[in-house]
Amino acid sequence: MSAPVLPPKPLPSLDGPNGEFYRRLAATRELAFQCCASCGRLRHPPRFRCASCGSADTSFAPSRGRGRVYSWTVTHQALHPAFARETPYAVVVTELDEGVRIVSGIREMSPDMLALDLPVEVVLEEAGPGVVLPYVRPRRS
Ligand SMILES: [Zn+2]
């Protein structure tokens, strides 16, 4: 008996401010976050307006892609059938050195290696046509 064919993994929407983040990431292969052009505050996930000053003027500021594990969860039962063969897998919240947090999967480590404040760095992987996703791995330097 052969293994069932799994559906494709869901990918982020490429519409609106969220899409701007992912389109930029795919085009540049450099992690960058929305930055308020009025007060300079970084924000993620992307939004139409700054939560600090209300300005709609935005730019993007590059990130070094280095941070520490802020929190995580390990999933033992796939919430989407496309992930059925990957359980258990971890979903990690990383606080980057610039102060914003991202949610991602992990690379080059197993879920049992996760620890609070573990130094990590972002690696980018192509997930589909025009879509690049950030993951974190243990920091190498
Ligand atoms: Zn602002």
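Just so you know, ligand 1 is whichever comes first in the structure, and atom 1 is the first atom listed for that ligand.
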- So which protein N/O/S atoms does the Zn ion (ligand 1) have within less than 2.8 Å? Cys36 SG, Cys39 SG, Cys50 SG, Cys53 SG
- Query: Which of parallel (below 30°), tilted (30 to 60°) and perpendicular (above 60°) describes Phe83 and Tyr89?
  - Reply: tilted
- Item | Greater than 12 external heavy atoms within 6.0 Å of Arg41's CZ | no
- Message: Using 0.5 Å steps for rounding, measure from the CG atom of Leu96 to the CD1 atom of Ile102.
- Response: 5.0 Å
- Can we say Arg29 and Glu126 salt-bridge, meaning some charged N sits less than 4.0 Å from an Asp/Glu carboxylate O? yes
- Query: So does Arg101 pair up with Glu95, basic N to acidic O under 4.0 Å?
  - Reply: yes
- Does any N or O in the side chain of Glu30 come within less than 3.5 Å of the main-chain N or O of Pro62, such that one atom is a donor and the other an acceptor? no
